Amino acid sequence: MRTPYIAGNWKMHKTASEAEALARDLVRSLDREAKKVMIAPAFTALGAVKRCLEGSHILLGAQNMGPEEQGAHTGEVSVLMLKDLGVEVVILGHSERRHKYGEGDELINQKVKLAVSHGLDVVLCVGETLEQRDSGTTTGIVEEQLRRGLNGLGALAQVTIAYEPVWAIGTGKTATAKDADDTHRFIRELLARLYNQKEAEEMIIQYGGSVKPNNAAELMAMENIDGLLVGGASLTADSFVPIVRYDAGS
Ligand code: 13P
């Protein structure tokens with residue numbers, strides 16, 4: 001049985017005080033939910049949000065991480081710094097990191113292994129561009145991102161996969177639930193080949209890309225969609241809370 005896992009990626013939004021206010025609202029509304037919930041504010045708000053989450057079961061995530069423990073990496077934030085702030089999960093390989101900042105699979109893989117070795121959970125994002133989808137290479141792209149991103153990682157216990165088709169992010173276009181489920185099934189089958197059947201069956205595979213309160217239930221009803229990685233609609237309690245409660249008829 002896979003526990004539904006709903007995550008909010010706040011991207012480059014919210015000052016520390018704004019983030020704190022939203023985190024307080026979410027704790028009030030969501031603390032009795034049986035699902036796994038994670039929020040990922042900007043680095044500058046992690047400390048303030050962590051204080052709001054004390055005693056709550058909502059997990060604290062970061063949106064990225066540097067590839068080394070420490071050193072001359074101007075502008076980067078290390079795994080040790082994240083751990084020190086109480087971060088439990090890190091999102092890696094997000095398409096905005098890949099496409100706007102040129103992060104490749106090798107760098108992402110280095111970060112994945114570093115995070116896992118320090119006991120952080122990882123949400124590894126994969127997904128194809130519109131061009132790749134139109135040329136029929138979706139599964140090939142996703143397979144390559146997963147093979148390379150997970151290269152050398154012995155076990156999947158600390159990993160969640162997020163399938164985020166690039167063309168669906170922030171555009172209002174969602175993959176149909178059926179299309180998303182097909183890709184999720186492909187990912188699960190690939191993980192069974194790369195690891196084993198048991199780990200693949202236990203793997204949480206989130207969908208991300210224009211998730212809203214009105215499509216969360218349909219997506220989550222699919223056999224291979226186990227969670228959601230939400231961008232824009234995670235920025236207010238009014239839209240994020242009903243997404244987390246997608247099965248409550250709200
Ligand atoms: P939107 O929900 O705004 O499309 O963003 C999705 C995303 O990139 C989450 O990581």
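For clarity, every value in this text was computed on a predicted model and none was experimentally measured. For ligands, and for the atoms within them, numbers begin at 1 and follow the listed sequence.
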J.: Is it true that Gly208 lies under 4.0 Å from ligand 1, counting heavy atoms only?
T.: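 So Gly208 does not count as touching ligand 1.
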
J.: Students should be able to answer this: which protein heavy-atom is nearest to atom 3 (O) of ligand 1, and at what distance?
T.: Gly232 N, 2.8 Å

J.: In the protein, which heavy atom is nearest to atom 5 (O) of ligand 1, and how far is it?
T.: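 For atom 5 (O) of ligand 1, the nearest protein heavy atom is Lys11 NZ, 3.2 Å.
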
J.: Any salt bridge between Glu189 and Arg193, counting N to O under 4.0 Å?
T.: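 Not counted as a salt bridge, because no side-chain N and carboxylate O are separated by less than 4.0 Å.
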
J.: One thing to verify: whether Arg2 and Glu223 come together as a salt bridge, which I'm taking to mean a side-chain N less than 4.0 angstrom from a carboxylate O.
T.: no

J.: Under 4.0 Å from a heavy atom of Leu229: give me the atoms of ligand 1 that qualify, with their elements.
T.: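 Matching atoms, with element in brackets: 9 (C), 10 (O).
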
J.: Is there a polar contact between ligand 1 and Gly170, counting only N or O atoms under 3.5 Å apart?
T.: yes

J.: Specify side chain, backbone, both or neither for Ile169, according to which of its non-hydrogen atoms lie closer than 4.0 Å to ligand 1.
T.: both

J.: Check if Gly209 has a non-hydrogen atom at a distance under 4.0 Å from any atom of ligand 1.
T.: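 It does, in that a heavy atom of Gly209 comes within the 4.0 Å cut-off of ligand 1.
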
J.: With a 4.0 Å cut-off, would you call Lys178 and Asp181 a salt bridge?
T.: no

J.: How far is atom 7 (C) of ligand 1 from its nearest protein heavy atom, and which residue and atom name does that atom have?
T.: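 Looking only at protein heavy atoms, the one closest to atom 7 (C) of ligand 1 is Glu164 OE2, 3.1 Å.
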
J.: Side chains of Trp167 and Glu131: is there a donor and an acceptor less than 3.5 Å apart?
T.: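 No.
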
J.: Taking non-hydrogen atoms only, is Ala168 closer than 4.0 angstrom to ligand 1 via side chain, backbone, both or neither?
T.: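 The answer is the backbone of Ala168.
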
J.: With a 3.5 Å distance limit and no angle check, can you tell me whether Tyr163 reaches the backbone of Pro165 through a side-chain donor-acceptor pair?
T.: no

J.: From the options Val211, Leu229, Ile6, Ile225, select the one residue that forms a side chain to side chain contact (heavy atoms under 4.5 Å, CB included) with Gln206.
T.: Leu229

J.: Would you indicate which of Gln206, His94, Lys173, Lys212 comes nearest to atom 10 (O) of ligand 1 when only heavy atoms are counted?
T.: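 Of the listed residues, His94 has the closest heavy atom.
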
J.: Between His13 and Glu18, is any side-chain donor less than 3.5 angstrom from a side-chain acceptor?
T.: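 No donor-acceptor contact under 3.5 Å links the two side chains.
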
J.: Consider every N or O of Asn9 and every N or O of ligand 1, then say whether any pair is closer than 3.5 Å.
T.: yes

J.: Please answer: with hydrophobic residues joined when any side-chain heavy atoms are less than 4.5 Å apart, are Val79 and Met38 in the same cluster?
T.: no

J.: When you measure from atom 2 (O) of ligand 1 to every protein heavy atom, which one gives the shortest distance, and what is it?
T.: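 Of the protein heavy atoms, Gly231 N, 2.9 Å lies nearest.
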
